[in-house]
Amino acid sequence: MIEQAENARLSRRLATIQLDSPVTFDSETYHVKPPHQDQLIDLLRELGFTTLLKSFQPSFAPAETNEVKTELVQDEPSAQKFVAGLPKGGALGLQCLLSPGSSMQADVQGIALSTGDKTSFIPLDVRTYMRPITALLHDPTRTKVVHDLKATLLVFHRIGLTLAAPYLDTMVADYLLNPNRRDHQLETIAFEVLDHRLGTGQKENAAPQSLFDEDTGSREKAAEAASVLAKLAPALTERLSDQGSLTLFTNVEMPLVSVLAEIERNGFLLDVEALHRLSKELERDLDKMIETIEGLAGGEFNINSPKQLATVLFEKLGLRPIRKTKTGYSTDEDTLTQLATQHELPAQIVNYRSLSKLKSTYVDALPELVNPETKRLHTSLNQTVAATGRLSSTEPNLQNIPVKGEYGLRIREAFIAPAGHTLLCADYSQVEPRILAHLSQDPRLLAVFAKGEDIHMATAMEIFGLSASHITRDMRRVAKTVVFGIVYGISPFGLASNIGVSQAEAKKYIETFFEKFSAVRALMDRNIEEGKTKGYTTTILGRRRPIPELQSGDPTQRGFGERMAVNSPIQGSAADLIKVAMIDVNNALHHEMPHTKMILQVHDELIFEVPEKELAEAKHLVKTVMEETGKKLGLSVPLKVDLGTGHNWRVAHP
DNA sequence: GGGACAAGT
DNA sequence: ATGGGACTTGTCCCA
């Protein structure tokens, strides 16, 4: 509308202007036309513009309806009739209908079950008719197809229901098929795989039907989802099989789901009182620091605002900016450390920032997340976020609890074991370098690990060409950083800024490393080459990661892609490995020591809560099973697990 | 809602 | 002339 008025105005104006060049103006050309629906939807989905996609979806609602014919089951005979009428075995779609509210507190109002052509909805207010249904939920010949299985398992557990394997979680399946995507919603998958527009089945303001007397729309929606789930199963299975990920999916990712649910349910005990005391202490320290800082700055300002800080540093105090961000001058730690030579203020800011971070993110935030019923901290371990195959942790993120600095360690101290129990931390020692050795088959690296030598010492000896007795702590530190850099896809610049040497010096280290461990260079070249020709990289268990950046014309983008191509197989294989270990350890614990509970995974580390009496036994079991995982997966190097124990995470950390 | 920054592996 | 380590999540500021 606005465009039209604008166009008309413009046409009139142009008509009054004498033009020298023969430009024709046709205002029609400038009219905004409706988008090319299908192309737009495809593009938005490909780019992961979920919110935009949703905003477009309603206007594209197709004329046809996806309504699913559904039986309502609310007594034993009808339950029996439904179950008896189902074809034997195969996929059973399951969708819970939750009461409104957060997933942790929500109640199950009912469940929809479907084989694809037969669908039923079972309200869960009365339980007398549940027997045939629970038999169905435990039928080992039926694959339970669920979207976000972990959430379903958690909710089921709360209401005393169980769901037996085998499972097919469509969310996780889609993650293995498209690990770069952030969005793995059922709606998106259904549309892409089945061309089915979910949620269009129910009409707006549908009149209540006699069959579904309450909340008709939601019940229909659950039924439709269940039916779609059943239909997705064969298609997703085929896709996974085609890309060589079906074994990973079936033998690792699916069994892992219930392990993760269990970890989340177990939770971590937190010493809230200790954190409260720490908070007071930090507050005092921070107040003092604010005074000092404002004294040095010559006035009040918001230290938490990088923008205001930049004004103080670079305008008021006239310090020379080191580098720019998109929006202004950078004030990150690296910059401030450099500025520290010119003025007292920057060092104070660095200090203030680190304490302020600890206080707001951990000390004050963690107690708020303690579940009032269990009195414990229940993180969410997400299986479908990290593109490399790692897990991620949210609400709270327990994978980035501080480990450095006095205050950082005091925070770890607040993660405790209950009376009569102790924490057991089991840490894979240098998994990534070991995987590097395995993937590259570099003879020197293999030898180092076979002999159980110190990898960083060994590389230091090679890089500097010295015998063990001549390697200083600093040389070992440099070697360690070089190995890390190699794993991440190194550049001389990155390494140089990391170890504080010149770029030329860093380049020399890298070159020497590659001379001594030439199979490692060959591996990287191979990873990049494979990424370029196939479009994706793979891990030891066949996990894929597409790297479209490798095809980019932009050298920066391509460089980025090359580093991902180097890092993803290593980081991803490490993720594969620990996932297998988690499943095996959990199984062993269930069989042999049911009172020892796994309570967290932090990428290469597993944490357990153990009754003190079982500690010796648990240590042995955990270490053995974790180290056996390497042999099980055919690794060319032994795996080493370090153990630590104690009543809090600080002392238990190896 | 995006950017800057900082915490972890 | 400037920029090149991977993967995350949470907090804060600011438009």
Side-chain angles (χ1 to χ4, degrees), chain A residues 51-52 179-180 182 301-310 322-336 349-350 352-366 368-369 379-382 385-405 407-408 411-412 427-428 430-432 481-499 503 506-507 510 524 537 545 547 554-572 574-575 578 600-605 649 653:
Chain A
T51 311
L52 257 187
N180 288 333
R182 301 288 301 204
F301 70 104
N302 186 346
I303 309 169
N304 290 322
S305 164
K307 199 179 158 190
Q308 292 185 35
L309 176 61
I322 307 287
R323 61 200 161 79
K324 283 196 266 194
T325 66
K326 282 176 202 164
T327 52
Y329 293 124
S330 174
T331 67
D332 66 8
E333 185 180 345
D334 205 62
T335 304
L336 294 176
I349 301 286
V350 171
Y352 170 87
R353 272 209 187 133
S354 70
L355 289 202
S356 163
K357 173 79 176 176
L358 295 183
K359 184 168 187 291
S360 64
T361 308
Y362 305 103
V363 178
D364 292 342
L366 289 173
E368 300 294 312
L369 293 167
T379 185
S380 292
L381 291 174
N382 201 314
V385 172
T388 51
R390 276 187 174 179
L391 299 177
S392 79
S393 160
T394 51
E395 267 184 305
N397 180 359
L398 293 187
Q399 292 181 325
N400 74 342
I401 299 302
V403 72
K404 284 178 285 192
Y407 281 118
I411 293 169
R412 278 215 171 201
D427 197 319
Y428 275 122
Q430 290 128 14
V431 240
E432 291 185 343
T481 314
V482 171
V483 173
F484 262 90
I486 298 289
V487 168
Y488 290 146
I490 195 69
S491 75
F493 180 93
L495 184 65
S497 72
N498 239 311
I499 54 182
Q503 253 187 79
K507 200 172 164 196
I510 297 169
M524 306 190 138
T537 60
R545 176 173 189 188
I547 306 186
D554 175 359
T556 310
Q557 279 298 303
R558 227 172 31 242
F560 190 52
E562 286 173 1
R563 289 194 298 281
M564 283 196 280
V566 167
N567 172 261
S568 298
I570 301 170
Q571 196 182 113
I578 193 155
L600 192 60
Q601 185 250 48
V602 188
H603 306 308
D604 58 3
E605 177 186 2
W649 199 1
H653 190 68

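We name chains A, B, ... by the order of the sequence lines, and we start the count at 1 in each one.
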Could you tell me how far dA6(B) sits from dA1(C) if I compare only their P atoms? Round to whole Å. 29 Å
Whichever of Asn397(A) and Phe484(A) has the more 5' nearest nucleotide on DNA chain C, that residue is Phe484(A)
It should be established whether Arg182(A) places a side-chain nitrogen or oxygen under 4.0 Å from OP1 or OP2 of nucleotide dT9(C). yes
Does dC5(B) have its OP1 or OP2 closer than 4.0 Å to a side-chain nitrogen or oxygen of Thr331(A)? yes
Closest to the Ser392(A) side chain: dC7(C), dG5(C), dT8(C)? dT8(C)
Atom pair distance, as rounded to whole Å: CZ in Phe560(A) and C1' in dA6(C): 8 Å
Using atom CD of Gln308(A) as one end and atom P of dC5(B) as the other, report the distance to the nearest whole Å. 14 Å
Taking the side chain of Pro306(A) as its heavy atoms from C-beta onward, which of dT9(C), dT11(C), dC5(B) lies nearest to it? dC5(B)
More than 12 heavy atoms of other residues, nucleotides or ligands under 6.0 Å from CZ of Phe301(A): is that the case? yes
Rounded off to whole Å, could you give me the CG-to-P distance for the Asn304(A) and dC5(B) pair? 13 Å
So, under a plain 3.5 Å distance rule, would you say the side chain of Arg323(A) forms a donor-acceptor pair with the base of dT2(C)? no
If we call it a pair only when both distances are under 3.5 Å in a Watson-Crick or G-U wobble match, what pairs with dA15(C)? none
Ignoring backbone atoms, test whether Ser330(A) places a side-chain nitrogen or oxygen under 4.0 Å from the OP1 or OP2 oxygen of dC5(B). yes
With respect to the phosphate group of dG5(C), does any side-chain polar atom (N or O) of Ser491(A) fall under 4.0 Å of OP1 or OP2? yes
When you measure from the side-chain N and O atoms of Lys307(A) to the phosphate of dC14(C), is any distance below 4.0 Å, counting only OP1 and OP2? no
Using the side chain to side chain contact (heavy atoms under 4.5 Å, CB included) rule, pick out the option among Gln571(A), Arg563(A), Met564(A) that qualifies with Asn567(A). Gln571(A)
Where the side chain of Met564(A) is defined as all heavy atoms beyond and including C-beta, which of dA6(B), dC13(C), dA6(C) is the nearest nucleotide? dA6(C)
Are any of Arg353(A)'s side-chain N or O atoms less than 4.0 Å away from OP1 or OP2 of dA6(B)? yes
What integer distance in Å separates Leu391(A):CG from dC7(C):P? 16 Å
With distance as the sole criterion, is a donor-acceptor pair present between the side chains of Thr379(A) and Ser393(A) under 3.5 Å? yes
Backbone of Pro402(A) reached by a side-chain donor or acceptor of Arg412(A) within 3.5 Å: yes
Between dA4(B), dT11(C), dG5(C), which nucleotide gets closest to the side-chain atoms of Lys326(A)? dA4(B)
Whole angstrom value for the distance that separates C1' of dC12(C) from CG of Asp332(A): 16 Å
Run the side-chain contact (heavy atoms from CB on, under 4.5 Å) check on Ile510(A) and Leu495(A) step by step: do they pass? CA-CA 9 Å; Ile510(A) 297 169; Leu495(A) 184 65; 3.7 Å; yes
Rounded to whole angstrom, note down the P distance from dC5(B) over to dG5(C). 16 Å
Rounded to the nearest angstrom, tell me the gap between atom CZ in Arg545(A) and atom C1' in dC7(C). 8 Å
What distance separates Glu395(A) CD from Glu368(A) CD, expressed to the nearest 0.5 Å? 13.0 Å
Asp604(A) side-chain proximity, nearest of dT9(B), dC13(C), dG10(C): dT9(B)
Rounded to whole Å, how long is the line connecting atom CD of Gln399(A) with atom C1' of dG10(C)? 14 Å
Strand partner of dT9(B), provided both Watson-Crick or wobble distances fall under 3.5 Å: dA6(C)
So, is Ser356(A) near the phosphate of dC12(C), with a side-chain N or O under 4.0 Å from OP1 or OP2? no
Could you check how far CG of Asn567(A) sits from P of dT9(B), rounded to whole Å? 16 Å
